[in-house]
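Notes follow once the structure below has been shown.
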Amino acid sequence: MLLVLGYLKWDGNKKYEKERKEITKEVDKRMERMLLENKELKVKIAEQEENVKRKTLKLDEKIEKTTKEIDEKLKEVEYNTELA
């Protein structure tokens with residue numbers, strides 16, 4: 001497409017001016033759409049990263065809670081073993 005634009009610009013012929021403008025307009029539209037899609041993807045990625053952070057924090061809290069519970073149970077078992 002760029003070769004076409006270059007050729008049409010170089011040609012300088014007025015009959016191609018309208019076609020060149022249409023092609024340029026279409027390329028501009030596509031570029032704008034791509035930039036918008038890129039921006040939307042960046043937002044989605046940021047949202048997913050936040051979601052992963054939240055889930056990771058929840059899992060860390062569960063792991064910490066479970067570890068404390070296990071430690072308490074082990075202490076009970078040790079205490080009961082000493083009594084026996």
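Count residues from 1 along the sequence.
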Rounded to the nearest 0.5 Å, how far apart are CG of N51 and OG1 of T56?
9.5 Å
Separation of E61 CD from K58 NZ (nearest 0.5 Å):
8.5 Å
Given the rule that I, L, V, M, F, W and Y join up when any side-chain heavy atoms are under 4.5 Å apart, are L35 and V27 in one cluster?
no
Inter-residue atom distance K55.NZ - Q48.CD, 0.5 Å rounding
10.0 Å
What I'd like to find out is whether the side chain of N38 reaches to under 4.5 Å of the side chain of M34, using heavy atoms alone.
no
For the residue pair E26 and E22, establish whether any side-chain heavy-atom pair is separated by less than 4.5 Å.
no
Sequence neighbours left out, what pairs pass salt bridge (charged side-chain N to carboxylate O under 4.0 Å, His left out) with at least one residue falling in residues 64-76?
E64-K68
Could you give the distance from CZ (R54) to CD (E49), rounded to the nearest 0.5 Å?
12.0 Å
